[in-house]
Structures are given as C-alpha cells and as structure tokens.
Amino acid sequence: MISEEKNFFDKVYETVRQIPVGRVTSYGAIARAIGSPQSARMVGWAMNASHNLEDVPAHRVVNRNGLLSGKHHFGDSNAMRNLLEAEGVPVRENKVLDFDEYFWDPSAHLNP
DNA sequence: TCCCTGACAGAAG
DNA sequence: CCTTCTGCCAGGG
C-alpha cells in the first residue's frame with residue numbers, strides 16, 4: 001500500500017524520485033501531481049530542504065520554461081548541467097534543449 | 001506573534 | 001511581445 005497521506009514535502013520528494021533517468025519535469029507539474037497546482041513555489045522550497053537527500057534528483061526538476069532555475073543551488077554552476085547532460089539531457093545556457101521532448105509528466109505516470 | 005522571503009506559474013496591462 | 005503583480009504554503013528572524 002502506498003501512504004499518500006504524507007506531508008507536502010514528502011509528496012514532492014516521492015514524486016521527484018519517480019522521475020526516470022534522462023527525463024525532466026517542472027515544479028508546476030509536480031505541484032499539480034500532488035494536488036496543489038498553485039503551490040509550485042513550495043515544490044522548489046521542498047527541494048531546497050531535500051538538498052541532503054541523494055534520493056531526490058533535484059537536477060531533473062526545472063521551471064516550466066525548461067530553465068535550470070536551481071542550478072545556482074547545486075554549489076557549482078556547472079554541476080546541474082553536468083548531471084543532466086550525463087543522463088542524456090542536452091543543456092544549453094542553463095536551459096534544457098527540447099524541454100517539451102524530455103519533459104516527463106509525474107501525474108501521467110503516478111498510479112492512483 | 002507578525003512580517004518577509006522563496007529552486008514557480010499564470011493572468012493582466 | 002514584454003513587463004508587472006498576485007496566489008500558493010511553509011519556514012525563519
């Protein structure tokens with residue numbers, strides 16, 4: 001069974017963990033997947049708290065424009081870009097190329 | 001206890 | 001088309 005009665009943050013962490021390698025998603029998509037489509041800001045806030053959690057690939061989470069908004073929080077400016085490109089996601093100027101093509105919708109993959 | 005900030009998103013002018 | 005503002009929730013000072 002899956003306990004979905006977790007806290008907002010835990011829901012975000014769990015959803016982000018479902019992101020497959022070589023795929024990316026947006027904060028708003030995650031927020032919507034957990035039932036709070038207007039809480040995209042909280043998603044980013046949750047990621048900030050998940051900094052210590054290796055199970056949370058925050059580098060696969062970008063804003064709705066495909067821009068690596070959180071790359072500045074990875075320590076090195078090239079860290080996030082390097083991780084994405086290492087997984088097969090082309091990044092250019094802090095932005096994901098063909099974002100729509102690499103975009104992965106969590107709400108479409110999560111089982112009810 | 002109140003005020004401000006924050007890795008976003010979407011609507012309005 | 002581009003700029004500006006609000007809404008959302010939670011945490012920190």
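Letters A, B, ... are given to chains in the order of the sequence lines, protein chains preceding strands, and every chain is numbered from 1.
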Rounded to the nearest angstrom, tell me the gap between atom [atom1] in [X] and atom [atom2] in [N].
{"X": "A:Asn65", "N": "C:dT3", "atom1": "CG", "atom2": "P", "value": "14 Å"}
{"X": "A:Met42", "N": "C:dG12", "atom1": "CE", "atom2": "P", "value": "11 Å"}
{"X": "A:Lys11", "N": "C:dA10", "atom1": "NZ", "atom2": "P", "value": "11 Å"}
{"X": "A:Ile34", "N": "C:dA10", "atom1": "CD1", "atom2": "P", "value": "10 Å"}

TODO: Could you tell me how the ring of A:Phe74 sits relative to the ring of A:His51: parallel (under 30°), tilted (30 to 60°) or perpendicular (over 60°)?
DONE: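 Ring orientation, 0 to 90° scale: tilted.
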> Tell me, which pairs form a salt bridge (charged side-chain N to carboxylate O under 4.0 Å, His left out) where one or both residues lie in residues 56-72 of chain A, sequence neighbours left out?
Replying inline: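 For residues 56-72 of chain A, and leaving out neighbouring residues, the salt bridge (charged side-chain N to carboxylate O under 4.0 Å, His left out) pairs sorted by first residue read A:Arg60-A:Glu87.
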Classify [X] by what it touches in the nucleic acid, base, sugar-phosphate, or nothing, heavy-atom distance under 4.0 Å.
{"X": "A:Ser36", "result": "nothing"}
{"X": "A:His59", "result": "nothing"}
{"X": "A:Asn63", "result": "sugar-phosphate"}
{"X": "A:Ala58", "result": "base"}
{"X": "A:Arg41", "result": "base"}

- Span of DNA chain B, from the first to the last nucleotide whose atoms fall under 4.0 Å of chain A heavy atoms: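 Reading along DNA chain B, I get B:dG6 to B:dA9.
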### Neighbours of DNA chain C within residues 67-82 of chain A, by heavy-atom distance under 4.0 Å
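Residues of residues 67-82 of chain A under 4.0 Å from DNA chain C: none.
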Go through it in stages, so that I can follow the logic: the residues are A:Thr25 and A:Asp105, the test is side chain to side chain contact (heavy atoms under 4.5 Å, CB included), and I'd like the CA-CA distance, side-chain angles, deciding distance and then a yes or no.
CA-CA 6 Å; A:Thr25 190; A:Asp105 188 351; 5.9 Å; no
Using atom C1' of each nucleotide, how far apart are B:dA7 and C:dT3 to the nearest Å?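 Those two atoms are separated by 22 Å.
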Query - pair A:Leu84-A:Leu68: side-chain heavy atoms closer than 4.5 Å - result: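 Sidechains of A:Leu68 and A:Leu84: in contact.
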Item checked: Side chain proximity check, A:Met80 to A:Val62, heavy atoms < 4.5 angstrom ->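 Result yes, sub-4.5 Å side-chain heavy-atom pair found.
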When you measure from the side chain of [X] to the backbone N and O of [Y], does any donor-acceptor pair fall under 3.5 Å?
{"X": "A:Ser39", "Y": "A:Ala31", "answer": "no"}
{"X": "A:Asn78", "Y": "A:Asn82", "answer": "no"}
{"X": "A:Asn7", "Y": "A:Phe9", "answer": "no"}

**Request:** Begin with the C-alpha distance, continue with both residues' side-chain angles, and end with the deciding distance and a verdict on side chain to side chain contact (heavy atoms under 4.5 Å, CB included) for A:Asp55 and A:Tyr13.
**Result:** CA-CA 8 Å; A:Asp55 294 323; A:Tyr13 301 146; over 6 Å; no
